Amino acid sequence: MTSSYKKILANIIKIAIVAFAFWFIYRKLTNHNDLREFVTLLQNIPLQQIWLILGSVFVLMLFNWGLETVKWKQLIARVEQISLWRSIESVFCGLTWAIFTPNRLGEYGGRVFFLSPKRRIIGVVAMTVGNIGQLVLTNVFGAIAVCVFVYRFIPLEPILLAAICGLALVFALFFLVFYFNIKWLNSLLLSVKITRKYKKFYAVLARYKKVELLKILLLCLARYAVFTTQYLIMFVWLVPHLSMADIVMLVPILFFVQSTLPSLDLLDIGIRSVTALFFFKYVTDQNAAVVACIASIWLINIIIPAILGSYFVFKLNFFGNTRRN
């Protein structure tokens with residue numbers, strides 16, 4: 001294929017990705033009852049207060065994805081050196097791809113196409129390490145929060161409660177041990193004859209030292225703190241009678257449950273709302289406000305970054321060498 005045909009094909013693919021993403025976003029926003037609930041709740045709130053709160057959540061969104069770009073740059077350093085701006089481009093481009101793909105799989109493609117062609121598959125493995133780090137925290141804090149929730153709201157025999165807490169502890173420790181020994185996965189894949197021939201792609205797993213993994217996990221923790229703070233701000237604002245303790249207990253459970261369910265980013269809002277209503281019914285009957293909180297954060301954290309990322313889709317180079325120093 002000549003360079004001119006490659007350029008034409010690349011442009012067609014880019015336009016198709018952006019068009020598909022905007023079509024998905026438009027369809028969801030125009031048929032979104034939860035967002036209408038959110039708009040209705042805002043009608044009786046002073047405009048200055050609305051701008052202050054939503055502006056704060058928006059700034060936290062930028063900070064959240066900023067931390068992700070730093071994390072991605074560190075992860076990919078074992079594969080290829082990229083600038084911080086290149087990392088920003090790839091992260092936001094990935095968010096646009098993720099919007100219409102199951103379980104955010106498109107995010108991998110959106111990021112790794114900013115790497116040199118021969119390093120893209122290895123980049124997928126490196127990105128998986130970062131996602132595992134985020135999943136570890138989601139599961140650890142989620143398991144703790146579930147234990148607290150069961151203790152407070154589900155009447156159980158003490159021995160059964162102790163068993164649940166014990167299982168949660170084992171569950172959390174398993175993920176922590178596995179993450180800090182991610183090289184075990186490399187050894188496991190090497191022991192299987194079928195996967196052994198692909199070792200050049202996943203060998204990067206053995207290169208991450210525990211200190212590096214700790215730095216990545218700390219960045220994951222910072223991100224976790226940021227989007228938890230977003231939920232705190234919205235719930236304290238729209239459901240003021242809720243205690244901070246209840247919010248801090250229930251938000252990790254929401255993250256935990258959502259991480260276990262297969263979903264599409266645009267359909268994920270329905271899952272988030274149903275999950276939130278199920279657990280928040282124990283502490284409040286303000287269902288409309290709960291759903292409005294979930295919908296607003298979904299809009300700010302998912303939809304707006306996906307729209308911003310559409311610009312970077314046009315900077316992709318599908319066929320050429322995009323390597324940077």
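Computed from a predicted model, the values in this text were never measured in an experiment.
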- According to the ring pair (Phe, Tyr, Trp, His ring centres under 6.0 Å) rule, which pairs have a member within residues 186-219, sequence neighbours left out?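 Ring pair (Phe, Tyr, Trp, His ring centres under 6.0 Å) check on residues 186-219 returns no pairs.
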- Query: Does anything in residues 119-147 pair up under ring pair (Phe, Tyr, Trp, His ring centres under 6.0 Å), and if so which pairs, sequence neighbours excluded?
  - Reply: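 Residue pairs passing ring pair (Phe, Tyr, Trp, His ring centres under 6.0 Å), neighbours aside: F141-Y224.
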So, using side chain to side chain donor-acceptor pair (under 3.5 Å) as the criterion, who are the partners of [X] when residues are at least two apart?
X: W97; answer: none
X: R207; answer: none
X: N11; answer: none
X: Q74; answer: none

What do you reckon, is [atom1] of [X] surrounded by more than 12 foreign heavy atoms closer than 6.0 Å?
X: F153; atom1: CZ; value: yes
X: F171; atom1: CZ; value: yes
X: F180; atom1: CZ; value: yes

- Message: If the test is side chain to side chain contact (heavy atoms under 4.5 Å, CB included), which one of I247, V251, L242 qualifies with L232?
- Response: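 The side chain to side chain contact (heavy atoms under 4.5 Å, CB included) with L232 is passed solely by I247 among I247, V251, L242.
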- Pairs where residues 234-253 contributes a residue and the test side chain to side chain donor-acceptor pair (under 3.5 Å) is met, not counting sequence neighbours: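 Listed once each, the pairs are Q49-W237, R152-D246, H241-T284, S243-D246.
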Transitive ILVMFWY cluster of [X] at side-chain heavy atoms under 4.5 Å: who else is in it?
X: Y26; value: none
X: V177; value: W184
X: I8; value: I12
X: V192; value: I194

- Hey, what do you get for CZ (F100) to CD1 (I25), rounding to the nearest 0.5 Å?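 Here the rounded value is 9.5 Å.
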- How long is the span from the CG atom in L205 to the CG atom in L185, to the nearest 0.5 Å?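 Reported to 0.5 Å precision, the distance equals 5.5 Å.
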- Is there a donor-acceptor pair closer than 3.5 Å between any side-chain N or O of T275 and the backbone N or O of L254? no
- Task: Following the transitive rule for hydrophobic clusters with a side-chain heavy-atom cut-off under 4.5 Å over Ile, Leu, Val, Met, Phe, Trp and Tyr, establish whether V79 and W85 coincide in one cluster.
- Result: yes
- Treat each ILVMFWY residue as a node, draw an edge where side-chain heavy atoms are under 4.5 Å apart, and state whether F114 and F314 are in one component. yes
- Task: Return each pair, listed once, that meets salt bridge (Lys or Arg N to Asp or Glu O under 4.0 Å) where at least one residue sits in residues 65-78; pairs must be two or more places apart or across chains.
- Result: E68-K71, E68-R111, E68-R223, R78-E212
- Item | Aromatic ring proximity Y231/F227, centre distance under 6.0 Å | no
